[in-house]
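Okay, structure first, notes after.
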Amino acid sequence: MNELAKQLNDTLSSCVVSAFLSEKGKNLFFPKGIVAQSQEAGEKAKQYNATVGLAKSHGMPMHLSDIQNLFKENTLKPSDIFSYAPGGGNKELRAIWKKEMVKKNPSLEGKLISDPLVTAGLTHTISMVATMFFDKGDELILPDLYWDNYELIFKDSIGCEIKEFKFFKDGAMNIEGLKKALLESKGDTARVLLNFPNNPTGYTPSESEMEKLANTFKEVASTGKKILVISDDAYFGLFFEADTARESLFSRLVDLDDNIFAIKGDAATKEEMVWGFRIGFITYGGKSLKAEHLDALTKKTLGAIRCSVSNCDMPGQSMLLKAIKEGENYVKDKEKTFFVMKERYNVIKDVLKNYEGSSLLKPYPFNSGYFMAFDTLGHSAEALRVYLLDKYQVGTINIQDRTLRVAYCSVEKEQLADLVSIVYKAAEEIWN
């Protein structure tokens, strides 16, 4: 094992993180190689900088003018577009994201958390978490309604065992089911991933549920069980009901108990409507984590970034930073998008009332995000998906052959009533 990795492991041995490091995680470190030496030279090499493999002329990256010309004149310099981004992302963007994170989650104010690191989208965040904190055979607790990519990342790639709990009970989140799964997890550790607003259902706990959820984690942690809680906040902020929890679960966990290690994954892709930019963030927290622990985690994560994508999208970061700092329409456009999504949510909520009591399809509770989903009540969701596509040219998503997801975010509000009627009509045609 590299000496730098040993030093980071020694630092982390005095906090809860050490209980979760995978074998690969233990071996990760940020090497003092080309990237680190180049960054150091960038600060000190005032005369000549002959470090990084980036062709320059007159201090700027050489580039294709046809690409530069796609950008409005006097907006982004060639260095903002064509240069390598720092391994952990643009420092100013990271600082702004952290400031906005605290603004959106006021209870984070004054709490010690890491500076967010830029990732190549939330999938990259989750993949790095799997690499750093999961070994083959480790259990991952998930609700029984989850994004299918979790299975590919944790089960198929790492070899983890997925342990499901029933997500809903009596129209609300089944927190007792989660508690049971935590207590029954193997050994003295438990790993859980929660995604709010949930994909595929579009559900976020209420304020009272979120409080109960945090209390449940504290209660389990008080038994001596060490818990890793991953918050996938990809659709954060799209909350449409007054009683829906507005803050991330992460903000309740970072100072809750010494046995809790909290990780927050964010996605500029959805929050800032830049899906193709592939910009995500990863942030760490925990009551037992001090500044030196967060620094060690940051260095291990930089190592994970370095040995996977090396660094992330430079033009995307530059454009996003410029929009947040200087954009004339930044706030207005985000408000407009939220308003449109809430309108569509309200329409589909009202339309579904016309189909209450159906024996073929039952909507899961939903109150946020981009989606709603149907329980197909024992029928094949895949059969319905294919029938909708072949006969009605309507695209939906099958989840585990028992859930049909509808992304109302991508359908105009005037068309939603027709969409829902077609889904129910198709179900009647193939199942009655």
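Worth knowing before you read on, the calculation uses all heavy atoms, side chains too, and leaves out hydrogens, waters and symmetry mates. Position 1 is the first residue of the sequence; numbering continues from there.
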Please name the pair of heavy atoms, one in [X] and one in [Y], separated by the smallest distance, quoted to 0.1 Å.
{"X": "Leu388", "Y": "Ala426", "answer": "CD2-CB, 3.6 Å"}
{"X": "Thr201", "Y": "Leu145", "answer": "CG2-CD1, 3.6 Å"}
{"X": "Ser185", "Y": "Ala190", "answer": "OG-CB, 3.2 Å"}
{"X": "Leu256", "Y": "Arg252", "answer": "CB-O, 3.5 Å"}
{"X": "Asp80", "Y": "Ser318", "answer": "O-OG, 2.6 Å"}
{"X": "Ser248", "Y": "Asn105", "answer": "N-OD1, 2.6 Å"}

Please determine if [X] forms a cation-pi arrangement with [Y], meaning its NZ or CZ atom is less than 6.0 Å from the six-membered ring centre and no more than 45° off the ring axis.
{"X": "Arg191", "Y": "Phe133", "value": "no"}
{"X": "Lys264", "Y": "Phe236", "value": "yes"}
{"X": "Lys349", "Y": "Phe366", "value": "yes"}

Would you check if there is a donor-acceptor pair between the side chains of [Y] and [X] at a distance under 3.5 Å?
{"X": "Trp97", "Y": "Asp266", "value": "yes"}
{"X": "Tyr150", "Y": "Asp232", "value": "yes"}
{"X": "Thr204", "Y": "Thr244", "value": "no"}

For the pair [X] (side chain) and [Y] (backbone), establish whether a donor and an acceptor sit closer than 3.5 Å, ignoring hydrogens and angles.
{"X": "Arg344", "Y": "Val411", "result": "yes"}
{"X": "Lys218", "Y": "Leu213", "result": "no"}
{"X": "Gln317", "Y": "Asn90", "result": "yes"}
{"X": "Lys362", "Y": "Leu377", "result": "no"}
{"X": "Asn149", "Y": "Glu151", "result": "no"}
{"X": "Lys300", "Y": "Leu21", "result": "no"}
{"X": "Ser127", "Y": "His124", "result": "no"}
{"X": "Asp135", "Y": "Ser22", "result": "no"}
{"X": "Lys98", "Y": "Pro116", "result": "no"}
{"X": "Thr11", "Y": "Gln7", "result": "yes"}

Of Asp258, Asn259, Ile263, Asp257, which meets side chain to side chain contact (heavy atoms under 4.5 Å, CB included) against Phe261? Ile263
Spatial distance of atom [atom1] ([X]) from atom [atom2] ([Y]) [nearest 0.5 Å]:
{"X": "Glu271", "Y": "Phe281", "atom1": "CD", "atom2": "CZ", "answer": "9.0 Å"}
{"X": "Phe239", "Y": "Phe196", "atom1": "CZ", "atom2": "CZ", "answer": "10.0 Å"}
{"X": "Ile96", "Y": "Lys103", "atom1": "CD1", "atom2": "NZ", "answer": "11.5 Å"}
{"X": "Arg402", "Y": "Glu382", "atom1": "CZ", "atom2": "CD", "answer": "14.5 Å"}
{"X": "Asp115", "Y": "Ile282", "atom1": "CG", "atom2": "CD1", "answer": "13.5 Å"}

Is Tyr330 close to Lys334 at the side-chain level, that is, under 4.5 Å between some pair of heavy atoms? yes
Heavy-atom count check: over 12 atoms from other residues, nucleotides or ligands less than 6.0 Å from Lys104 NZ? yes
With a sphere of 6.0 Å drawn around NZ of Lys24, does it hold more than 12 non-hydrogen atoms of other residues, nucleotides or ligands? no
Option passing ring pair (Phe, Tyr, Trp, His ring centres under 6.0 Å) with Tyr424 (candidates Tyr392, Trp431, Tyr355): Tyr355
